[in-house]
Participant: 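A single structure is presented below for examination.
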Amino acid sequence: VIFDLDGTLIDSAPGILAALASAFDACRLVPRQPLTATIIGPPLMETLATLANTSDSSVLQPLAEAFKANYDETGYRRTLVFAGVGEMLTTLSAHGYKLHIATNKRILPTRRIIEHLGWEKHFLGMYALDAFDPPLKSKASLLGEILARRKLDPQHTVYIGDRQEDGEAAHANGMRFLLALWGYDGSVDGNWQKLESPDHLMEILRCL
């Protein structure tokens, strides 16, 4: 079982939004759209480009550094866990499922969050776009790397996420996808199998 992170296992909005606000303040810039949870999900530089309405690296790089200084040191500790997720991970581990994370979040805060939550024991691997050299460009490529490196059969591997991109990435790799309905993205239009709540996952996995 491979999980997305933001919007699927955790609600990272409090820390991310505070760090974004701090970064724009530090750079004396005004975001071009409201800082709400709807912007969370894409990679950091993509999010910053959207908020700053520019692709100019001389603008985006200082924003990124200011964001990282806040979020990587203290902001990640404001992460919340969706109800039932901790119990779900414990149950999956107890039943022998091999668990991994595939996320657009950078690998440094990913590892710090998992450690902060005491979840290291649950996951065999944590993977992010920037954990590879050169960095991967898409969630689909990330899932492909995990399948190859872990020698996983896509027919016996499921990806769980909350965004359109997650479903498309799973489909591109011949994997099943479960849409976590408690996540951030309310605009998913794929005909994906839906996961109503974390405590329903074991029931669904038994039927796959």
Side-chain angles (χ1 to χ4, degrees), residues 3-82 101-117 126-145 159 161-170 172 179-180 182-190:
F3 289 98
D4 175 46
L5 187 58
D6 290 342
T8 302
L9 296 179
I10 61 172
D11 179 0
S12 55
I16 288 177
L17 297 179
L20 285 171
S22 175
F24 275 86
D25 284 346
C27 294
R28 298 183 180 179
L29 296 171
V30 178
R32 296 302 181 93
Q33 65 184 66
L35 297 180
T36 66
T38 59
I39 65 175
I40 296 174
L44 174 61
M45 297 306 291
E46 182 178 332
T47 299
L48 291 174
T50 298
L51 291 173
N53 195 32
T54 182
S55 59
D56 186 344
S57 61
S58 67
V59 175
L60 298 181
Q61 209 50 51
L63 278 171
E65 294 307 314
F67 174 88
K68 293 174 185 178
N70 181 298
Y71 189 70
D72 293 2
E73 295 305 316
T74 58
Y76 74 90
R77 296 176 186 168
R78 300 178 67 173
T79 297
L80 304 175
V81 177
F82 288 115
I101 288 174
T103 178
N104 282 334
K105 185 184 288 293
R106 291 171 299 110
I107 194 64
L108 175 60
T110 294
R111 288 173 174 157
R112 288 184 175 177
I113 286 169
I114 296 304
E115 181 179 357
H116 176 66
L117 297 175
M126 289 176 275
Y127 301 90
L129 302 181
D130 72 334
F132 297 85
D133 188 16
L136 301 179
K137 295 183 178 180
S138 71
K139 184 71 71 67
S141 298
L142 182 60
L143 291 180
E145 284 287 343
Y159 187 49
D162 68 302
R163 303 179 69 237
Q164 182 74 18
E165 175 199 27
D166 297 330
E168 293 173 352
L179 175 64
W182 57 85
Y184 298 140
D185 195 336
S187 62
V188 178
D189 58 15

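This chain uses plain numbering: 1 for the first residue, then up along the sequence. Excluded from the calculations below are hydrogen atoms, water molecules and symmetry mates; all remaining heavy atoms, backbone and side chain alike, are included.
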Participant: In Å, rounded to the nearest 0.5 Å, how long is the span from OG1 of Thr47 to CE of Met45?
Facilitator: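 Output value for this atom pair is 10.0 Å.
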Participant: Looking at CG of Leu48 and CG of Asn53, how far apart are the two atoms once the value is rounded to the nearest 0.5 Å?
Facilitator: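 Spacing of CG (Leu48) from CG (Asn53) equals 13.0 Å.
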Participant: Among residues at least two apart in sequence or on other chains, which ones pass side chain to side chain donor-acceptor pair (under 3.5 Å) with Ser138?
Facilitator: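 Checked Ser138 against side chain to side chain donor-acceptor pair (under 3.5 Å); matches are Ser141.
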Participant: Rounded at 0.5 Å granularity, tell me how far CD1 in Ile10 sits from NZ in Lys105.
Facilitator: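 Rounded to the nearest 0.5 Å, the CD1-NZ separation comes to 5.0 Å.
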Participant: Give the minimum heavy-atom separation between Ala52 and Leu60, together with the two atoms involved.
Facilitator: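 Result for this residue pair: CB-CD2, 4.1 Å.
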Participant: Please answer whether the main-chain N or O of Gly41 pairs with a side-chain N or O of Asn104 as donor and acceptor at a distance below 3.5 Å.
Facilitator: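 Checking the backbone N and O of Gly41 against the side chain of Asn104, a donor-acceptor pair under 3.5 Å is found.
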Participant: Thr36: which residues meet the side chain to side chain donor-acceptor pair (under 3.5 Å) condition with it, sequence neighbours left out?
Facilitator: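 Partners of Thr36 by the side chain to side chain donor-acceptor pair (under 3.5 Å) criterion, ordered by chain and then number, come out as Thr38.
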Participant: Test side-chain contact (heavy atoms from CB on, under 4.5 Å) on Ile16 and Ile39; report intermediate values, then the result.
Facilitator: CA-CA 10 Å; Ile16 288 177; Ile39 65 175; over 6 Å; no
Participant: Go through the structure and list residues passing ring pair (Phe, Tyr, Trp, His ring centres under 6.0 Å) with Tyr71, not counting sequence neighbours.
Facilitator: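 With neighbours one apart ignored, the set is Phe67.
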Participant: Give me each pair satisfying salt bridge (Lys or Arg N to Asp or Glu O under 4.0 Å) with a member in residues 126-137, each pair once, sequence neighbours excluded.
Facilitator: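 Applying salt bridge (Lys or Arg N to Asp or Glu O under 4.0 Å) to every pair that reaches into residues 126-137, excluding sequence neighbours, yields nothing.
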Participant: Minimum heavy-atom separation for Asp166 to Gly161, with atom names?
Facilitator: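 The pair with the smallest heavy-atom distance is OD2-CA, 3.5 Å.
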Participant: When you compare the side chain of Lys68 with that of Leu44, does any pair of heavy atoms fall below 4.5 Å?
Facilitator: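 A side-chain contact exists here, since the closest heavy-atom pair is under 4.5 Å.
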Participant: Only pairs at least two apart or in different chains count here, so list each ring pair (Phe, Tyr, Trp, His ring centres under 6.0 Å) that has a residue in residues 6-51.
Facilitator: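 Of all non-adjacent pairs touching residues 6-51, none passes ring pair (Phe, Tyr, Trp, His ring centres under 6.0 Å).
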Participant: Ala170 and Tyr159: which non-hydrogen atoms are nearest, and at how many Å?
Facilitator: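 Heavy-atom minimum between the residues: CB-CB, 4.0 Å.
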Participant: Under the criterion side-chain contact (heavy atoms from CB on, under 4.5 Å), I'd like the reasoning laid out for Thr79 against His116: C-alpha separation, chi angles, the key distance, then a yes or no.
Facilitator: CA-CA 9 Å; Thr79 297; His116 176 66; 5.6 Å; no
Participant: How would you list, by chain and number, every residue that makes a side chain to side chain donor-acceptor pair (under 3.5 Å) with Arg111, sequence neighbours excluded?
Facilitator: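 Testing Arg111 for side chain to side chain donor-acceptor pair (under 3.5 Å), a comparison that skips the adjacent residues, returns none.
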Participant: Once you round to the nearest 0.5 Å, how far does CG of Leu129 lie from OG1 of Thr103?
Facilitator: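 Leu129 atom CG to Thr103 atom OG1 measures 8.0 Å (nearest 0.5 Å).
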Participant: Going through the distances and angles, do Leu35 and Leu51 end up as a side-chain contact (heavy atoms from CB on, under 4.5 Å)?
Facilitator: CA-CA 8 Å; Leu35 297 180; Leu51 291 173; 3.7 Å; yes
Participant: Of all heavy-atom pairs between Cys27 and Ala66, which one has the smallest distance, and what is that distance?
Facilitator: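 For Cys27 and Ala66, the tightest heavy-atom pair comes out as SG-CB, 4.5 Å.
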Participant: Nearest 0.5 angstrom please: Asp11 CG to Ile40 CD1, how far?
Facilitator: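 Here the interatomic distance stands at 7.0 Å.
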Participant: Could you list the residues that satisfy side-chain contact (heavy atoms from CB on, under 4.5 Å) with Arg78, not counting sequence neighbours?
Facilitator: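 So Arg78 forms a side-chain contact (heavy atoms from CB on, under 4.5 Å) with Pro14, Ala18.
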Participant: Under the side-chain contact (heavy atoms from CB on, under 4.5 Å) rule, collect the residues that match up with Glu46, sequence neighbours excluded.
Facilitator: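 side-chain contact (heavy atoms from CB on, under 4.5 Å) list for Glu46, sorted by chain: Pro42, Pro43.
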Participant: Any salt bridge (Lys or Arg N to Asp or Glu O under 4.0 Å) involving residues 15-36? Give me the pairs, sequence neighbours left out, ordered by first then second residue.
Facilitator: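 Salt bridge (Lys or Arg N to Asp or Glu O under 4.0 Å) check on residues 15-36 returns no pairs.
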Participant: To check you understand the geometry: which heavy-atom pair defines the closest contact between Asn70 and Ala19, and what is its length?
Facilitator: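 Nearest heavy atoms, Asn70 then Ala19: OD1-CB, 3.5 Å.
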Participant: Quick check: does any side chain N or O of Tyr127 sit under 3.5 Å from a backbone N or O of Glu145, one acting as donor and the other as acceptor?
Facilitator: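 Here the side-chain-to-backbone pair does not exist.
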Participant: Between Leu9 and Leu117, is a side-chain contact (heavy atoms from CB on, under 4.5 Å) present by the stated rule, with each step listed?
Facilitator: CA-CA 11 Å; Leu9 296 179; Leu117 297 175; over 6 Å; no
Participant: Do Leu63 and Leu20 make a side-chain contact, defined as non-hydrogen atoms from C-beta onward lying under 4.5 Å apart?
Facilitator: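 No, too far: nothing below the 4.5 Å cut-off.
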Participant: side-chain contact (heavy atoms from CB on, under 4.5 Å) with Glu73: which residues, sequence neighbours excluded?
Facilitator: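 Arg112.
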Participant: Taking atom OG1 of Thr54 and atom CG of Leu29, what is their separation to the nearest 0.5 Å?
Facilitator: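 If I round to the nearest 0.5 Å, the distance is 10.0 Å.
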Participant: Identify the two heavy atoms, one from Asp4 and one from Thr8, that lie closest to each other, and give their separation to 0.1 Å.
Facilitator: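 Reported closest heavy-atom pair: OD2-OG1, 3.0 Å.
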Participant: Return the set of residues passing side-chain contact (heavy atoms from CB on, under 4.5 Å) with Ala169 (not counting sequence neighbours), or none when no residue passes.
Facilitator: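 Listed in chain order: Lys139, Ala140, Leu143.
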Participant: For Tyr76, check side chain to side chain donor-acceptor pair (under 3.5 Å) against everything at least two apart and list the hits.
Facilitator: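 Once residues adjacent in sequence are excluded, Tyr76 has no partner under the side chain to side chain donor-acceptor pair (under 3.5 Å) criterion.
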